Participant: 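Pasting a structure below so you can have a look.
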Protein chains: 2
Amino acid sequence: MNNKEKLRKAGLRPTKQRMIIADILLDGINRHFTAENLQNEINSSGNSMSIATIYNCLKKFRNCGLIKQVESSKDTAIFDTNINQHHHFLDEETGELIDIENDEVNLRKLPKIPQGYLNNGVEVLIKIKKQI
Amino acid sequence: MNNKEKLRKAGLRPTKQRMIIADILLDGINRHFTAENLQNEINSSGNSMSIATIYNCLKKFRNCGLIKQVESSKDTAIFDTNINQHHHFLDEETGELIDIENDEVNLRKLPKIPQGYLNNGVEVLIKIKKQI
DNA sequence: AAGTAGTTTAGAACGATTTTAAAGTAAATA
DNA sequence: TATTTACTTTAAAATCGTTCTAAACTACTT
Ligand SMILES: [Mn+2]
Ligand SMILES: [Mn+2]
Ligand SMILES: [Zn+2]
Ligand SMILES: [Zn+2]
């Protein structure tokens with residue numbers, strides 16, 4: 001499926017700007033990035049785009065499930081092109097995130113989901129620090 | 001150990017402002033809160049404090065290990081008085097966090113820590129959503 | 001008591017993100 | 001195809017959480 005079809009299937013009009021972003025993000029390579037990182041990639045590809053449009057698109061893409069947003073205590077939002085359920089190593093010093101594929105983690109015991117709620121995904125974060 | 005001793009032990013001068021915050025946060029009750037939540041509690045207790053001081057104190061308390069900061073994709077920092085290693089349920093709709101004690105989770109399999117790094121803590125996040 | 005280093009504060013500044021509102025474009029309709 | 005409609009993009013302004021500044025204040029040391 002090409003990017004135009006992916007956007008249509010997600011219910012998004014394939015505008016010029018969304019296609020530029022899809023060409024960068026939906027190339028099958030997993031990456032973690034900020035809005036500013038993406039703007040730099042857009043510029044490097046010979047295009048340009050308003051930062052408002054970049055935020056608009058990221059929100060739409062995320063709400064459609066084309067990308068994810070990472071849980072992070074940094075003050076800049078971090079997005080993730082790996083939309084499979086997976087986990088992360090986090091170097092808190094640098095903010096670097098490394099993917100852990102889902103089958104590399106196995107839970108022996110999980111707590112009972114609170115009354116009235118459904119399990120909507122488990123994420124494991126392994127904080128790491130550089131050896132001294 | 002009283003709060004003045006706790007602050008001294010953490011290497012912090014027990015100022016009037018830090019004691020007010022310690023009296024609220026270090027009462028043994030686990031809670032998740034924002035800087036604004038804390039300011040409201042300070043006001044409710046008949047005191048008042050500059051928001052700059054609240055941020056200063058939260059940063060000091062966190063860096064001394066008296067409180068933790070939660071990994072969250074919300075744009076407001078969330079702090080946690082539960083400083084034990086533990087896990088969370090997260091209702092992404094509302095942002096509500098519920099503690100999961102460490103012994104309620106058991107990992108059968110963990111990935112190899114990347115070369116040159118040390119494991120610095122494992123956090124499990126279970127996203128939940130209201131049943132319809 | 002005097003000196004010093006650390007702390008608090010109001011207000012300014014900052015940086016990330018969102019809003020505004022006008023112009024532009026994609027899709028639907030005629 | 002031409003027209004209409006709803007959606008999208010944009011620059012600029014606004015917003016919001018947080019940090020910085022610099023002057024006044026306070027805790028601790030000598
Ligand atoms: Mn965050
Ligand atoms: Mn912010
Ligand atoms: Zn990832
Ligand atoms: Zn907690």
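A quick note: this is a predicted structure, and the numbers were derived from the prediction, not measured. Throughout, a chain's letter reflects where its sequence line sits, starting with A, and its residues are numbered from 1.
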Participant: What is the distance, to the nearest angstrom, from the OH atom on A/Tyr55 to the C1' atom on C/dT20?
Facilitator: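 Between C1' of C/dT20 and OH of A/Tyr55: 18 Å.
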Participant: B/Arg18 CZ to C/dT9 C1': how many Å, rounded?
Facilitator: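 Going from CZ in B/Arg18 over to C1' in C/dT9 covers 14 Å.
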Participant: Looking at B/Arg8, I'd like to know whether one of its side-chain N or O atoms comes within less than 4.0 Å of OP1 or OP2 on D/dC28.
Facilitator: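 Checking D/dC28 against B/Arg8, a side-chain N or O does come within under 4.0 Å of OP1 or OP2.
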Participant: Considering just the side-chain nitrogens and oxygens of B/Thr53, establish if one lies under 4.0 Å of OP1 or OP2 belonging to C/dT9.
Facilitator: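 For C/dT9, OP1 or OP2 has a side-chain N or O of B/Thr53 closer than 4.0 Å.
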Participant: DNA chain D: A/Ser48 or B/Lys59, which has the more 5' nearest nucleotide?
Facilitator: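 Between the two, 5'-proximity favours A/Ser48.
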Participant: Hey, is B/Glu92 close enough to B/Lys129 for a salt bridge, meaning N to O under 4.0 Å?
Facilitator: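 Answer for the salt bridge query: no.
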Participant: Can you tell which of D/dT9, C/dT17, D/dT10 lies closest to the side chain of A/Thr76?
Facilitator: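 Among D/dT9, C/dT17, D/dT10, the one nearest the side chain of A/Thr76 is C/dT17.
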Participant: Are any of B/Lys60's side-chain N or O atoms less than 4.0 Å away from OP1 or OP2 of C/dT7?
Facilitator: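 So the side chain of B/Lys60 is within the cut-off, an N or O lying under 4.0 Å from OP1 or OP2 of C/dT7.
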Participant: Within this structure, what is the CG-to-P distance between B/Leu58 and D/dG17, rounded to whole angstrom?
Facilitator: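 Rounded to whole Å, this separation is 15 Å.
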Participant: Please state whether the phosphate of C/dT9, meaning OP1 or OP2, lies under 4.0 angstrom from any side-chain nitrogen or oxygen of B/Gln17.
Facilitator: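 Answer yes for this pair, as a side-chain N or O of B/Gln17 is under 4.0 Å from OP1 or OP2.
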Participant: To the nearest Å, how far apart are B/Asp75 CG and D/dT19 P?
Facilitator: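 Rounded to the whole Å, the gap is 13 Å.
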Participant: May I have the distance from A/Ile20 (atom CD1) to D/dT8 (atom P), rounded to whole angstrom?
Facilitator: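 Distance, rounded to whole Å: 16 Å.
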Participant: I need the CD-P distance between A/Glu36 and C/dT17, as an integer number of Å.
Facilitator: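 A/Glu36 atom CD is separated from C/dT17 atom P by 10 Å.
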Participant: Calculate the interatomic distance between B/Ile51 atom CD1 and D/dC16 atom P; express it in whole Å.
Facilitator: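 One finds 14 Å between P of D/dC16 and CD1 of B/Ile51, rounded.
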Participant: Thinking salt bridges, do A/Glu71 and B/Lys127 make one under a 4.0 Å N-O criterion?
Facilitator: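 No.
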Participant: A/Leu12 CG to C/dA27 C1': how many Å, rounded?
Facilitator: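 After rounding, the reported distance stands at 14 Å.
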Participant: To check you understand the geometry: which heavy-atom pair defines the closest contact between A/Pro114 and B/Ile98, and what is its length?
Facilitator: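 Looking at all heavy atoms of both residues, the closest pair is CG-CD1, 4.1 Å.
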Participant: For A/Thr15 and D/dT9, is the shortest distance between a side-chain N/O and OP1 or OP2 below 4.0 Å?
Facilitator: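 Answer is yes, contact under 4.0 Å.
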Participant: For a 4.5 angstrom cut-off between non-hydrogen side-chain atoms, does A/Leu7 reach A/Met19?
Facilitator: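 Yes, side chains in contact.
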Participant: Among C/dT9, D/dT9, C/dT7, which nucleotide sits nearest the side chain of A/Asn56?
Facilitator: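 Closest nucleotide to the A/Asn56 side chain: D/dT9.
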Participant: If each of B/Phe79 and B/Pro14 is mapped to the nucleotide of DNA chain D with the nearest heavy atom, which maps nearer the 5' terminus, i.e. the 5' end?
Facilitator: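 With B/Phe79 and B/Pro14 compared, the 5'-side residue is B/Phe79.
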Participant: Taking OP1 and OP2 of C/dT25, is either one under 4.0 Å from a side-chain nitrogen or oxygen of A/Arg13?
Facilitator: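 Checking C/dT25 against A/Arg13, no side-chain N or O comes under 4.0 Å of OP1 or OP2.
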Participant: For a quick test of reading the model: is some side-chain N or O of A/Lys16 closer than 4.0 Å to OP1 or OP2 of C/dA26?
Facilitator: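 No, because none of the side-chain N or O atoms of A/Lys16 sits under 4.0 Å from OP1 or OP2 of C/dA26.
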Participant: If you take all heavy atoms of B/Leu26 and B/Leu66, which pair is closest and at what distance?
Facilitator: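 Residues B/Leu26 and B/Leu66, closest heavy atoms: CD2-O, 4.0 Å.
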Participant: Checking B/Asn43 side chain against B/Asn40 main chain: does a donor-acceptor pair fall under 3.5 Å?
Facilitator: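 Answer holds: no.
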Participant: Could you work out which one of D/dT18, C/dT9, D/dA11 sits closest to the side chain of B/Met49?
Facilitator: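 When the side chain of B/Met49 is considered, C/dT9 is the closest of D/dT18, C/dT9, D/dA11.
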Participant: Over all strands shown, is A/Lys74 touching base, sugar-phosphate only, or nothing at heavy-atom distances under 4.0 angstrom?
Facilitator: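 No contact at all - A/Lys74 keeps every heavy atom at 4.0 Å or more from the nucleic acid.
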